[in-house]
There are 2 protein chains.
Amino acid sequence: MGRTTIHDIAKELNTTAATVSRALNDHPSISAAMKEIVRKTAHQLNYQQNRIASSLRSGKTFVIGVVIPSADISFFGSVIHGIEMVAKTHGYNVILFQTNERYEDEVQGIQTLLQSNVDGIIASITKETSNFDHFLEVKRRGIPLILFDRATDELGVSTVVIDDYKGAFMATEHLLQQGYTRIAHIAGPSHIKIFHERLRGYVDALAAHHIKIDEDLITYGKVSIESGRTCTQQLLQLQKNRPDAIFAVEDFTALGAMEAIKESQWNRPGQIGLVGFANEAFSAYITPSLTTIDQQTALMGQEAAKLLMDQQQAEQHHEKSPQKIVLEPLLIQRQSSMRRQTKQKTAS
Amino acid sequence: MGRTTIHDIAKELNTTAATVSRALNDHPSISAAMKEIVRKTAHQLNYQQNRIASSLRSGKTFVIGVVIPSADISFFGSVIHGIEMVAKTHGYNVILFQTNERYEDEVQGIQTLLQSNVDGIIASITKETSNFDHFLEVKRRGIPLILFDRATDELGVSTVVIDDYKGAFMATEHLLQQGYTRIAHIAGPSHIKIFHERLRGYVDALAAHHIKIDEDLITYGKVSIESGRTCTQQLLQLQKNRPDAIFAVEDFTALGAMEAIKESQWNRPGQIGLVGFANEAFSAYITPSLTTIDQQTALMGQEAAKLLMDQQQAEQHHEKSPQKIVLEPLLIQRQSSMRRQTKQKTAS
DNA sequence: CTGAAAGCGCTTACAG
DNA sequence: CTGAAAGCGCTTACAG
């Protein structure tokens with residue numbers, strides 16, 4: 001009864017725990033013969049290292065903490081998928097902590113992770129967070145910290161984000177290339193950075209193609225299906241300069257826009273172009289399927305984890321200066337933006 | 001430099017680490033006055049317990065391991081959401097391990113979790129797994145194990161599943177109540193338990209309403225959009241007894257069926273009823289919106305975590321006999337099954 | 001190449 | 001009510 005320890009193996013072989021430990025950890029000063037016999041015996045006795053004991057002594061836990069709003073949001077589910085995949089290949093485990101967008105939970109999460117002596121933390125901050133003391137404590141302890149998506153420059157840590165500006169630029173340019181000329185934008189609240197960036201991308205894409213910005217074609221929504229519908233109804237009521245295409249700030253807004261278009265008199269395929277942003281799970285399956293911008297969510301997690309793994313190495317040597325990784329958005333072309341409705345499948 | 005330990009607090013107060021430890025853990029034999037001063041000092045010195053050290057000594061880690069195919073699948077994302085929420089309120093952390101449906105990864109995951117001395121494991125087994133030795137090892141060590149969704153009776157552990165039979169029964173009965181009488185079923189591979197249960201629910205619902213089973217109306221698909229489309233095309237070609245409704249084994253199959261229906265001559269609203277299973281993210285947003293069965297995924301995680309928390313208590317006293325929790329499926333009524341197309345919104 | 005010894009930071013019987 | 005001491009299972013400078 002009771003798990004096999006290195007002492008059991010040592011006793012079996014008439015040697016010491018120190019030697020067994022070194023052998024199992026492939027320490028260079030142990031003879032090949034010794035390593036061999038130790039490993040064999042360990043296997044025979046069904047030995048499994050006690051990582052807790054190892055961690056306490058060595059100061060390394062091989063655990064990283066991930067702090068996200070909710071695993072129930074597909075975006076974050078996909079990111080932690082990427083994180084865990086990379087972490088695993090480097091021998092690290094992942095502790096998951098959800099904040100549910102609450103600042104207090106975030107503070108508590110960081111504290112628990114510090115108590116657990118994690119070797120690093122990857123986080124996406126809550127919408128509520130404006131005080132960063134808990135993250136500063138992480139830095140003060142010398143624990144590598146990576147922020148993704150919801151990042152801030154205030155902390156001077158490495159970040160992984162997607163290029164919202166470029167994504168919006170691509171979306172708008174795609175509509176132009178399809179031959180649309182009066183492209184409207186349903187924006188989100190401008191004080192939120194990602195939405196502001198998407199607005200900028202839209203504006204600059206038009207400018208780059210020498211199209212004058214028409215303020216009437218920019219409307220500010222509340223990032224919801226309902227809001228997308230309402231905004232679109234307004235846009236379609238414009239007397240002159242009615243838009244012939246809409247770039248919506250994200251897919252749910254686009255979905256509402258699509259409904260409004262379908263209910264309008266301009267409901268023929270290709271009549272009003274539409275592009276969303278996010279590549280939500282539903283966007284491939286609605287009718288018409290929605291052209292959108294993919295955010296490479298799993299890649300985002302992988303890159304964040306890779307940054308963290310790099311910093312694990314770097315710790316020994318010298319502090320690395322914070323890195324800023326900006327992922328390329330991907331244009332996913334589907335039916336909703338195609339000017340000429342060619343024969344296509346709904347799903348793609 | 002260096003974290004505050006209980007020894008630092010003890011020195012500050014001219015007492016011993018033992019007393020500090022007891023005070024912080026609210027041990028009954030410590031005076032209220034002592035507890036008060038210890039807590040104050042701990043706070044002043046910014047003390048945080050080292051959970052690793054605590055775990056090594058006490059044998060309890062307050063960590064549970066969760067083993068799932070992938071966090072990138074919305075079903076599992078939702079379940080781990082539920083698990084983490086409950087675990088947190090009980091002071092437990094969650095280590096996440098993904099198998100990506102590979103048996104070897106599952107074995108390795110269980111091994112890592114055992115090395116980390118987790119206090120319990122919640123898992124959903126891979127499609128590949130047919131050898132359960134790694135799970136038996138968990139049992140042998142006396143570590144509580146809970147299986148959800150992909151469960152097996154072979155291990156004699158507690159499980160949380162959804163009532164697939166009942167969900168299918170409800171789906172079929174709903175179509176009957178809408179006035180459909182020739183209800184077809186696109187089934188999945190029958191050797192997979194959940195699909196077989198859904199087939200049984202369909203058959204029994206018809207029987208309960210004295211409707212004779214027509215073997216021509218039961219077709220076996222491959223659980224994909226394409227398969228749903230093909231199967232539906234076949235069904236609609238039946239000369240006599242053409243179905244007036246279809247119950248699809250899951251939502252992607254239903255999506256393919258919906259496309260086939262729309263492309264057919266029976267494409268008027270309410271002409272052919274359709275119900276899916278799973279309440280996938282897209283199902284509310286396609287046109288028409290898809291009636292389906294919700295699997296209460298977050299609740300599944302919560303129930304699994306609650307079972308595990310119960311067993312943490314029980315361990316001290318006596319082994320609890322394994323429990324089997326069967327969750328109620330929820331019928332989500334949307335447009336695709338409505339006989340009379342009343343005025344409705346697309347999303348609900 | 002191997003061993004003896006100390007110690008990571010806690011918890012907890014055993015005394016008093 | 002508090003203290004002295006042992007020990008959880010490892011790792012790792014220090015000797016030889």
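All values derive from a computational prediction rather than experimental measurement. Letters A, B, ... mirror the listed sequences (proteins, then strands); counts begin at 1.
Between A:Thr19 and C:dG3 there is a side-chain polar atom (N or O) within less than 4.0 angstrom of OP1 or OP2. Within the 4.0 Å cut-off from OP1 or OP2 of D:dT11, not a single side-chain nitrogen or oxygen of A:Ser58 is found. Applying the 4.0 Å criterion to OP1 and OP2 of D:dC8, one finds that B:Ser55 has every side-chain N and O outside that range. Phosphate proximity of D:dG3 to B:Thr15: present, with a side-chain N or O under 4.0 Å from OP1 or OP2. The side chain of A:Ser29 contributes no N or O atom lying less than 4.0 Å from OP1 or OP2 of C:dT2.
With salt bridges taken as basic N to acidic carboxylate O contacts below 4.0 Å, none links A:Glu106 and A:Arg102. Checked for salt-bridge contact, A:Asp26 and A:Arg39 meet the test: a charged N lies under 4.0 Å from a carboxylate O. A salt bridge does not link B:Glu36 to B:Lys40: none of the charged side-chain nitrogens sits closer than 4.0 Å to a carboxylate oxygen. Look at B:Asp153 and B:Lys324 and you find a salt bridge, because one of the NZ, NE, NH1 or NH2 atoms lies within 4.0 Å of a carboxylate O, short of that distance.
At distances below 3.5 Å, at least one donor-acceptor pair connects side-chain atoms of B:Gln98 with backbone N or O atoms of A:His81. Formation of a donor-acceptor pair under 3.5 Å by the B:Lys88 side chain with backbone atoms of A:Phe97 is not found in this model.
Atom CD1 in B:Ile37 sits roughly 12 Å away from atom P in D:dT2 (whole-Å rounding). Rounded to whole angstrom, the span from the NE2 atom of B:His7 across to the P atom of D:dA5 amounts to 13 Å. In this structure, B:Leu56 atom CG and C:dG7 atom P are separated by 17 Å, rounded to whole Å. One interatomic measurement links the two molecules: NE2 of B:His27 to C1' of D:dG3, which rounds to 13 Å at whole-angstrom precision. Atom CG in A:Leu13 sits about 16 Å away from atom C1' in C:dC1, given to the nearest Å. When rounded to the nearest whole Å, the span between CD1 of A:Ile6 and C1' of C:dT2 equals 14 Å. Atom CD in A:Gln115 sits about 15 Å away from atom P in C:dG9, given to the nearest Å. Rounded to an integer number of Å, the gap from CG of B:Asp26 to P of C:dT12 is 14 Å.
Summarising the geometry of B:Thr112 relative to A:Arg51, their closest heavy-atom pair is CG2-NH1, 2.9 Å, with the distance given to 0.1 Å. Nearest approach of B:Thr4 to B:Leu45, heavy atoms of both residues: OG1-O, 2.8 Å. Listed here is the closest heavy atom pair of A:Arg150 and A:Ile125: NH1-O, 2.8 Å.
Both A:Ala32 and A:Thr16 sit near DNA chain C, but only A:Ala32 has its closest nucleotide nearer the 5' end.
With B:Ile146 as the fixed residue, the side-chain contact (heavy atoms from CB on, under 4.5 Å) test singles out one of B:Ile122, B:Thr159, B:Asp310: B:Ile122.
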Exercise. Where each pair must be Watson-Crick or G-U wobble with both distances under 3.5 Å, what dot-bracket representation of DNA chain C is obtained, with crossing pairs in [ ] and other-strand partners as |?
Worked result: |||.||||||||.|||

Check nucleotides 13-15 of chain D for protein N or O atoms closer than 3.5 Å to its own N or O atoms and list the pairs.
unit_1	atom_1	unit_2	atom_2	d
D:dA13	N6	A:Arg22	NH2	2.2

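Between A:Tyr103 and A:His134, the ring planes lie perpendicular to each other; the angle is over 60°, past the 30° to 60° tilted range.
Seen from the ring of B:Phe62, B:Lys60 counts as a face-on cation partner, given the 6.0 Å and 45° thresholds.
Listed by residue number, A:Tyr47, A:Gln49, A:Asn50, A:Ala53, A:Ser54 are the residues of residues 42-54 of chain A with a heavy-atom contact under 4.0 Å to DNA chain D.
Using a 4.0 Å heavy-atom cutoff across all strands shown, B:Thr5 reaches sugar-phosphate atoms only and no base atom.
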